[in-house]
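Questions regarding the structure given below will be posed in turn.
All values reported here derive from a predicted model rather than from experimental measurement.
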Amino acid sequence: MIQMTITSLGFIIFVLAASLIYYITPHRFQWISLLFISVVFYCLAAEPYTIIFIVISTLIIYFSALYAKKHSGSGRVAFSITIAAIVLNAFIWFLFKGSAYWIQLSSFIHARVPAFPAMGGLPFAAALGMGYYTCQAIGYTVDCYWGTAEPQDNFFKLFLFLIFFPQLTTGPISHYNRLLPIYEGRVFDLYRMQRGMQRILWGFFKKLVISERIAILVNAIDGNRSSFNGIWLLIALLFYPLQLYTDFSGSVDIVLGTAEILGIKLPENFDNPFFSQSSQEFWQKWHMSLGNWAKDYIMYPVLKAKKTLELSSGVRKKYGKRAGKLVSLGIGVFFTWFVTGFWHGNYKYIVGCGMLYFVVMILYEAFSPLLKRLNDLLGVKEDSFSWKLFRMIRTYIIFSFSLIFFRADGISEAIGMIRDLFLSFTPGIFNPWIFFDGELLSAGLTDVDFHIIWISVILLILAAILRDKYGYARNWVALQGRIFRWCVWLLLLTLVMVYGKYGPGYHAADFIYQGF
Amino acid sequence: MTREEVFERLTDVFRTVFDDETIELSDSTTSEDIDDWDSFEHINLIVAVEEEFSINIPMGEVTTMKNVGEMADIILAESSK
């Protein structure tokens, strides 16, 4: 198996070769060449035999959708088949990506009932991108059942929908209907190629210059919490969201840029999440393709289910409109968070990502009238920049706390970390002087590294502001004169080449979201 | 039922659901135009619309409708069934 991470030079060469093959193929057969390219990529990036799992998933959704359509007259048959296809896909995912659940559960039972076997992992590797393509497969099945998508009668075309190579690494999760252009032919477009390359370069910058650098700091602190305590814990807490963002959104930039070169638009996964005023808004702007998937296929069906409606209208009649809304909100948020937490493959994510936010959102919703009155009392100007900035920072801090569960090895360790964080301000442990006595440089980063981080963060914020105004920061750059444009891209390229963490002796860490 | 009648009754539904008597609807009104229209209120709205017109809006339409114009078309289509 060749190492084919998307930040490697090999990947760039692969993309260039792929686009050459793609564009010299006659239009009618371009989707076939895309399928061929995707299969080759798969064999280079993962254990080749695991491709069988994607084939199985395709077979399930291919036949179930066609069969359900044939029996669309009988709602019951179509419904049963759809449910069966969903359960089968989810089960395969659960066997591999959810193995932590059943391994832990079996050892838990084994400790109490020795006759029950403690199960180990499976003897096979999981398919690449299983968490992503399984969501797509389920979405396709449901869309066909709802009648919003027409079942695909060409098996290989459907196979391409699941295995399309850029999105197997870190998503995004596409809706079938929106990926239909993948089957159309298209001519080479230099402008599109440039735009794609620019986006890939920006992704490299985020991952190799920022994320990899912060990773050194956070790993040093997390790896040795007994000597890095006090303020260090606060540093790790506040830097980790930035590391995760530049890692994950950087990889998605590379994926979307690659697809753009091939003329295919994949859904965005991030929309300046750190500008969010509330946690609810934050999650509408972070990992959007998973959020939208959960909204369409989990939350809406749950909220529109008869039982939920009966319950919320019952509560509304008895306790008023607000209470009714709170109940349906609670049910919707609970299921959404549970499923997206579950998707991350470990119970600590359910607690960290899911339940923590469930509580935060419900409390926020419940107390919002009270908070509003408090604001009026204090004379807070709700449309002032300072108040918005405060809310942004608050949202960031809540997020950084939820990520403790991401970083910790388990729930109890996470709780220990939170306790230590609060203890870090007690005398004897409180150590703000590390910023001044040079100790800050003992965690693997040099003076230069810290400067690069600060400058990069300013660039990130600048790009985010431009993105807010122009759709993409690239759109703004494109409006500038030729010399300035070239300066921007060459400067970025230089930054990546000189300050990117890569090269002989250094192996860029895997993308955090590659494992799902 | 004419399209105008649908819009008239829809406006009432919107005003009740969002507690805002100033709401005016047009074909191109989207969730961007109404502050409280988020994904949760969307479902409450759909349910209120279903009750008002005694129809059942299919799940597929719930997730894909883009603006009030489309909503009106769906209502017309469903109530003529």
- Name the option with the most non-hydrogen atom pairs under 4.5 Å to chain A; the candidates are B:Val62, B:Ile46, B:Thr63. B:Thr63

- Without swapping roles, check the side chain of A:Thr308 against the backbone of A:Lys304 for a donor-acceptor pair under 3.5 Å. no

- Query: Given the side-chain rings of A:Phe63 and A:Tyr67, with only the six-membered ring counted for Trp, is the space between their centroids under 6.0 Å?
  - Reply: no

- Task: For each of A:Gly332, A:Ser312, A:Pro301, tally heavy-atom pairs with chain B at distances under 4.5 Å, and name the one with the top tally.
- Result: A:Pro301

- Honestly, the part of A:Val142 sitting under 4.5 Å from a heavy atom of chain B is neither

- Okay, side chain of A:Gln277, backbone of A:Arg391: is any donor-acceptor separation there less than 3.5 Å? no

- Give a yes or no on whether the backbone of A:Gly471 and the side-chain of A:Asn475 come within a donor-acceptor separation of less than 3.5 Å. no

- Residue part contacting chain B, namely of A:Leu329, when any heavy atom lies under 4.5 Å: both

